[in-house]
Amino acid sequence: MRYVAAYLLAALGGNTSPSADEIKAILSSVGVGVDDEKLSFVMDQLKGKDINEVVASGIGKLASVPSGGAVAASSGGAAAAGGAAAAAEEEKEPEPESEEESDDDMGFSLFD
């Protein structure tokens, strides 16, 4: 990830195709070590590609990744059971806060 981030920083700086040495310079300027094997892998993957197209392609791929909302989309018995559990939670009364946890006035008033 650090190699991609350094590549993107160089691209944002106006260098459309940064070299491995430039990536190393960016990383070493912030005290990050460089693994030449991983750097060469990233450089090979990005060689000859427009970084804007690579980012756009990645965003398109991320759009198909589920992000936790799939539970609400389920159907059948699971949805009915989920609704019953939600109703039971709503009926449950909140526990009163103890004196120690209450910080309503924190021992002073702003208008005294």
Side-chain angles (χ1 to χ4, degrees):
M1 188 60 122
R2 67 183 91 172
Y3 307 108
V4 174
Y7 193 96
L8 289 170
L9 282 173
L12 285 172
N15 188 350
T16 57
S17 64
S19 68
D21 290 334
E22 292 167 337
I23 301 300
K24 285 181 185 180
I26 291 171
L27 292 173
S28 65
S29 72
V30 292
V32 176
V34 176
D35 181 359
D36 289 327
E37 185 178 323
K38 290 180 182 179
L39 177 59
S40 67
F41 176 76
V42 169
M43 296 302 293
D44 289 341
Q45 295 295 313
L46 295 173
K47 182 182 268 184
K49 296 181 181 176
D50 179 29
I51 194 64
N52 295 318
E53 291 175 9
V54 172
V55 170
S57 169
I59 289 173
K61 290 178 183 178
L62 284 176
S64 66
V65 174
S67 61
V71 174
S74 66
S75 63
E89 282 186 35
E90 289 177 11
E91 292 177 13
K92 186 193 267 186
E93 293 184 27
E95 296 179 21
E97 290 185 13
S98 69
E99 190 68 32
E100 294 172 359
E101 293 179 5
S102 177
D103 60 347
D104 290 338
D105 63 359
M106 297 181 5
F108 65 92
S109 174
L110 293 174
F111 302 106
D112 281 343

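- Applying the side-chain hydrogen bond (donor to acceptor under 3.5 Å, both in side chains) definition to pairs two or more places apart or across chains, none involves residues 40-66.
- In this structure, the side chain to side chain contact (heavy atoms under 4.5 Å, CB included) partners of Leu27, at least two apart in sequence or on a different chain, are Arg2, Tyr3, Ala6, Ile23, Val32, Val34.
- Every pair tested for salt bridge (Lys or Arg N to Asp or Glu O under 4.0 Å) that includes a residue from residues 3-15 fails, sequence neighbours excluded, so the list is empty.
- Linking Ile, Leu, Val, Met, Phe, Trp and Tyr whenever their side-chain heavy atoms come within less than 4.5 Å leaves Leu12 and Ile59 in two separate clusters.
- The line from OG of Ser19 to OH of Tyr7 is 10.0 Å long, rounded to the nearest 0.5 Å.
- Shown here are the side chain to side chain contact (heavy atoms under 4.5 Å, CB included) partners of Leu9, two or more places apart in sequence or in another chain: Ile26.
- Scored by the side chain to side chain donor-acceptor pair (under 3.5 Å) test, Asn15 finds Glu22 as partners (sequence neighbours excluded).
- Ala5 is linked by a side chain to side chain contact (heavy atoms under 4.5 Å, CB included) to nothing, counting only residues two or more places apart in sequence or in another chain.
- In the hydrophobic clustering (ILVMFWY side chains linked at under 4.5 Å, chained through shared members), Met1 stands by itself.
- Asp36 meets the salt bridge (charged side-chain N to carboxylate O under 4.0 Å, His left out) test with Lys24; sequence neighbours excluded.
- Rounded to the nearest 0.5 angstrom, Ile51 CD1 and Leu46 CG are separated by 5.0 Å.
- Connectivity analysis of hydrophobic side chains (ILVMFWY, heavy atoms under 4.5 Å, direct or indirect) links Leu62 to Val65.
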